[in-house]
Amino acid sequence: MDTQQNEDIRSRIRTIPDFPKPGILFRDITTLLLDPEGLRLTIEKMAAQVDGKIDLVAGVEARGFVFGAALAVRLGTGVLLIRKDGKLPGATIAEDYALEYGTDRIAIHADALVPGARVLLVDDLIATGGTARAAVRLLRKAGAEVVQASFVVDLPDLGGADALRSDGITVSSLVAFEGH
C-alpha cells in the first residue's frame, strides 16, 4: 500500500519535537489510538496488507500488543506476545539485541507456537529495526516462518524496514515519516 495515500492515518499521529531528547521528532500514536475511527481504519488497512495465510500474529511489547491483538481478531488467528525478558511465567526462549547504549532481551513462551507456523510480526513503528530483527530471530528460533512484518509507521531514514527486508521479510507500513 502506498504510504502517501494514508493521510487519514497520518493526520491522526501527532509529532512531538525534542522528545525524548533534543533533535528527535517523536511520532506519537496515542492520538491515533484515542480516535475510534482512526483505530478502525488502521486495523482495516493493516489487515488489507496481509498477503497469504497467517497462522498467528506476534505483537511486540507494548504497542504492538494493541495492533497485534486487533489484527488477530480481524484475521481469525491467535496473538503471541513478545515480551521483555522476565515478564512471562513458565519456560521461555529469548533473544538479545543491541541498543544505542547496551543490550536488551525479548522472550516468548517456549510452547507459544507450533513449528512451521506462518507468523505476522506487528508493531506500531519501525525505526532502526533492532527490536523487530531480534523478534524475527526469536520466532525463527522457535520454528516459525515469519512471512511478513507490519507497522503503522515507518521511519525510512533509520533503515529498519530495509534491514528486515535484507533478512528475507516482506515489510508493510501505513505511513512513512522522513527524518528522525
Side-chain angles (χ1 to χ4, degrees), residues 20 27-30 32-33 39 42-156 158-174:
R27 308 307 177 168
D28 180 19
I29 56 103
T30 62
L32 175 65
L33 293 173
L39 181 57
T42 300
I43 298 307
E44 281 183 7
K45 290 180 179 199
M46 289 178 85
Q49 291 180 331
V50 174
D51 186 25
K53 182 183 182 308
I54 300 296
D55 298 314
L56 196 60
V57 175
V60 179
E61 187 167 337
R63 293 172 301 273
F65 294 173
V66 174
F67 296 104
L71 274 170
V73 169
R74 179 75 180 228
L75 298 172
T77 71
V79 63
L80 182 153
L81 304 181
I82 300 176
R83 303 280 328 255
K84 292 185 188 290
D85 195 32
K87 300 286 186 178
L88 294 169
T92 61
I93 58 173
E95 183 72 26
D96 293 324
Y97 63 100
L99 298 169
E100 188 175 357
Y101 301 103
T103 61
D104 209 344
R105 189 171 173 88
I106 53 175
I108 61 173
H109 279 120
D111 61 356
L113 58 89
V114 175
R118 295 175 52 82
V119 175
L120 169 67
L121 179 67
V122 175
D123 207 351
D124 67 320
L125 183 139
I126 181 82
T128 64
T131 306
R133 293 180 85 193
V136 168
R137 290 191 306 272
L138 179 60
L139 291 165
R140 287 175 172 167
K141 186 188 304 184
E145 179 187 350
V146 183
V147 295
Q148 189 174 342
S150 180
F151 305 93
V152 178
V153 175
D154 179 15
L155 303 179
L158 298 179
D162 287 338
L164 274 178
R165 288 182 189 101
S166 73
D167 292 339
I169 305 297
T170 299
V171 178
S172 62
S173 62
L174 296 181

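Computed over heavy atoms, backbone and side chain alike; hydrogens, waters and symmetry mates excluded. None of the values given here were measured: they were computed from a predicted structure.
At a threshold of 4.5 Å between non-hydrogen side-chain atoms, the residues V60 and F67 do not count as touching. For the pair V153 and I29, the minimum side-chain heavy-atom distance is below 4.5 Å. Looking only at side-chain heavy atoms (C-beta outward), L81 and E61 stay at 4.5 Å or farther from each other. Counting heavy atoms from C-beta on, the side chains of V122 and V79 never come closer than 4.5 Å. Side-chain contact check for Q148 versus R118: every heavy-atom pair is 4.5 Å or farther apart. Within the 4.5 Å cutoff, side-chain heavy atoms of Y97 are placed close to those of D104.
Closest approach of L88 and A107 over heavy atoms only: CD1-O, 3.6 Å. What you find for A47 and R74 is that their closest heavy atoms are CB-CG, 3.7 Å. Considering every non-hydrogen atom in both I126 and G129, the closest pair reads CD1-CA, 3.6 Å. For the residue pair L164 and A132, the shortest heavy atom distance occurs at CD1-CB, 3.9 Å. Between L71 and V57, the shortest heavy-atom distance links the atoms C-CG2, 4.5 Å. Considering every non-hydrogen atom in both L113 and L80, the closest pair reads CD2-CD1, 3.7 Å.
In this structure, NZ in K84 is found 9.0 Å from CD1 in I106, a value given to the nearest 0.5 Å. For the atom pair CD1 of I54 and CG of D51, the computed distance is 8.5 Å after rounding to the nearest 0.5 Å. In this structure, the separation between CG on L32 and CG on D124 is 10.0 Å, given to the nearest 0.5 Å. Note that the CZ atom of R133 and the CD atom of E95 stand 11.0 Å from one another [nearest 0.5 Å]. Here CD1 of I108 is found 12.0 Å from CG of D85. Values are rounded to the nearest 0.5 Å. Here the CG atom belonging to D123 is positioned 6.5 Å from the CZ atom belonging to F151, to the nearest 0.5 angstrom.
Side chain of Q49 to backbone of S173: a donor-acceptor contact under 3.5 angstrom is found. Between the side chain of D28 and the backbone N or O of T30 there is at least one donor-acceptor pair closer than 3.5 Å.
Other residues, nucleotides and ligands place more than 12 heavy atoms under 6.0 Å from the CZ atom of R137. Taking a 6.0 Å sphere around NZ of K87, one finds it holds 12 or fewer heavy atoms contributed by other residues, nucleotides or ligands.
Screening D55, L75, L56 against L120 for a side-chain contact (heavy atoms from CB on, under 4.5 Å) leaves a single residue, L75.
Comment: D96 engages R105 in a salt bridge, judged by a side-chain N to carboxylate O separation of less than 4.0 angstrom.
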